[in-house]
Number of protein chains: 2
Amino acid sequence: MTIRDLAEAAGVSVTTVSQILNGKGERFSSDTQARVLKLQEKLGYVPDYNARNLIMRSTQTIGVLVPNLANPFFSMFIKGIQLASQDNKFIPIIFDANQNQALQNMYLEELIKRAANGLIIASATLDANDIDRILTRNGIPYLLFDQNDAQIGDRVWVDDYKGGQIAANYLLAAGHRKLTLLVPDDITQNIRQRIKGFESVMTKYRLAFSEEMMIKTPMTKLGGYQAVDQLIAKQSTAVFCINDEMAIGVYRGLQERGLRVPDDISVMGYDDIDLANFVAPKLTTIHQPAFEMGQVATELLIERIQNPRLPHQDKQLPLELVVRDSVKSNP
Amino acid sequence: MTIRDLAEAAGVSVTTVSQILNGKGERFSSDTQARVLKLQEKLGYVPDYNARNLIMRSTQTIGVLVPNLANPFFSMFIKGIQLASQDNKFIPIIFDANQNQALQNMYLEELIKRAANGLIIASATLDANDIDRILTRNGIPYLLFDQNDAQIGDRVWVDDYKGGQIAANYLLAAGHRKLTLLVPDDITQNIRQRIKGFESVMTKYRLAFSEEMMIKTPMTKLGGYQAVDQLIAKQSTAVFCINDEMAIGVYRGLQERGLRVPDDISVMGYDDIDLANFVAPKLTTIHQPAFEMGQVATELLIERIQNPRLPHQDKQLPLELVVRDSVKSNP
DNA sequence: TTGTATGCGTTATCAG
DNA sequence: CTGATAACGCATACAA
């Protein structure tokens, strides 16, 4: 079933069919138009995607690289991407890099091969300069997450520094003085900002802040869980988990050891995944607008694709403190 | 940067370049080979994906339709798909149908347009016959989930009937007699099997089973949460949630009303998402091998793509009871 | 109002 | 060992 078959069946030329099917057929008799359209339906003709793109020089595709699909934050992020893509007649191709550098590179190459029109990279383990070198060489616009200080390309961001400050302020205002942070081994820019923000508040109140206060562990439920013994050893009254997933793990670890949240130790998260509202006690956290971040990122990227010489774009989205039940006052 | 540019730069013909780059260049002098390879690297030549596929008649792409990306079961399912795809040099294009029929149809068409070589459809709201009509017409092999009784195409499945039986047996053995089921409004085949299996055990023990025992609510955390008032009204001693997400919602609802799991009411789930092991109390559930299901589905599909006249394939994966702490014995 | 001819970038065929 | 040429299916400039 090619355009030629359809043209033959309709008794017209391929040009006629092509034009009509692409909405440029005003000039043909409505009779011809109807006939072609009807025959297309009947024969189930679908233009060959590759042939079409070969001429059009566009795949209407954007590539998306996330570190972990199973993290609800990224699920929402992706849902935002899908919605915005759909609105703009683009299709996202999503890859879960699985926190694996080699895999990430492979996917990156694959996306280039497939001539993705643009990329959203929310995977932290690649070096920003590498990415830039590879992508600009191929003329592919892209948008980087977790690497906020890279001056390259457009930018969608939340003020993680402020996020860290909000967390610290809240915990201090609740009377906590002995604090611990749960952070990943591989500290990306956005995480660093959170920590720095947190530190700035501590410093402001002339409280000590040191490496000692941080426990390094993977940003997963399991990671949080595994950090609990260290956490207890620190005898803190509150812990700030750099994402909610970790906090869920901490909940479990504390509970298994007979400790209660927030009575024995207060827990604060970051992200505000939907689960945060379903655990007991409900998790106090900082809300990141994951869905909107995906949406806006996609919109910016597509604008850039459609107009490469647009001025640099920068969009900040708001963070928000969500007070629930996992932090106790005046310990 | 086309193959022609590269050929020119290397002082050879496009044929030479093409052959060498496609691993069919044994017959060329190793000098020529080296030169071409080196120049490709240097100039960063990447074969045009569309032109290539136009000739090769393959996109090395499979389409994937899931109802909800944010459900951990599907996250794992997708991770399985990605791994198996990667092993076979295929790329999955993933769509979250968002439990929306229209969206689903749109994505289905999009995947056909993009000449996906095969499809994995784990979205329940489409009619199996519609799908079959559309896809067989386009000669696209596919694999359906949640529609186990459809005799069409290959099949990867778990014995949901048995799953339902396992759940019922476990609850009955624990001494529960007053039971409630949380089920979705739109009951797909696999869900129906679970219910039937559950029913079969009740019947075997001459216990009543009726519509009255079922509460219809969305298969989400929120859905479970919203069903709690009805659940309490039924004065059951145990509830079987048709997936774990619902169970999480039930936990919260019960807790907010001062009821305790499992002391006041026992809760059982289905899926065994990783979260099940992190809630308090840990959720007793039926383990579905989501990751393997994705993997196996992908493998079967790709085999089918590569050999369309293969005999019908059928692969069953095991279910497993996972006993944790959310069901109390001898109430 | 319709059709012809050309080219997109690649691979495959076959002749040197 | 190498290269000229056809073909893939489509859209479009140009002709009629």
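Lettering follows sequence order; numbering is per chain, from 1. In what follows, every heavy atom counts, from backbone to side chain, and hydrogens, waters and symmetry copies are set aside.
- Between F73(B) and F77(B), the ring-plane angle classifies as parallel under the 30° and 60° cut-offs.
- Put simply, CZ on R57(B) is 17 Å from P on dT10(C), counting in whole angstrom units.
- When the side-chain nitrogen and oxygen atoms of T16(A) are compared with OP1 and OP2 of dT1(C), none of them lie within a distance under 4.0 Å.
- For dT10(C), the OP1/OP2 oxygens have no side-chain nitrogen or oxygen of N50(B) closer than 4.0 Å.
- The base of dA11(D) lies outside donor-acceptor range of the side chain of T15(A), with no N or O pair under 3.5 Å.
- Dashed line: the shortest gap from a side-chain N or O of K24(B) to OP1 or OP2 of dT11(C) is not under 4.0 Å.
- Heavy atoms only, all atoms of each residue included: Q288(B) and V158(B) are closest at OE1-CG2, 3.4 Å.
- In this structure, CE of M1(B) is placed 15 Å from C1' of dT10(C), rounded to the nearest angstrom.
- Atom-to-atom, CE of M56(A) to P of dC10(D) comes out at 12 Å; the value is rounded to the nearest Å.
- Contact record, V36(B) with A10(B): CG2-CB, 4.3 Å, taken as the closest heavy-atom pair.
- Within 4.0 Å (heavy atoms only), N22(A) reaches sugar-phosphate atoms of the nucleic acid but no base atom.
- Rounded to an integer number of Å, the gap from CD of Q19(B) to P of dT5(D) is 17 Å.
- Residue contacts shown for Y45(A) are limited to sugar-phosphate atoms, with no base heavy atom under 4.0 Å away.
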*Please test S18(B) against T15(B) for side-chain hydrogen bond (donor to acceptor under 3.5 Å, both in side chains), starting from the C-alpha separation and ending with a verdict.*
CA-CA 5 Å; S18(B) 175; T15(B) 308; over 6 Å; no
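- Protein atom CG of D48(A) is 14 Å distant from nucleotide atom C1' of dG9(C), rounded to whole Å.
- Taking 3.5 Å as the limit, the base of dT10(C) and the side chain of T2(B) contain no donor-acceptor pair of atoms between them.
- When the P atom of dC8(D) is taken as reference, atom CG of L54(A) falls 14 Å away, rounded to whole Å.
- Taking atom CD of residue Q33(B) and atom C1' of nucleotide dT2(D), one finds them 13 Å apart after rounding to whole Å.
- Not a single donor-acceptor pair, N or O on each side, falls under 3.5 Å between the base of dT11(C) and the side chain of R52(B).
- Put simply, the side chain of S29(B) and the base of dT2(D) share no donor and acceptor less than 3.5 Å apart.
- Screening V12(A), V14(A), L21(A) for a side chain to side chain contact (heavy atoms under 4.5 Å, CB included) involving L6(A) leaves a single residue, L21(A).
- Along DNA chain C, the nucleotide nearest to R27(B) and the one nearest to P47(B) differ in position, and the one closer to the 5' end is contacted by P47(B).
- Computed from coordinates, the I55(B) CD1 to dA6(D) P distance equals 14 Å when rounded to whole Å.
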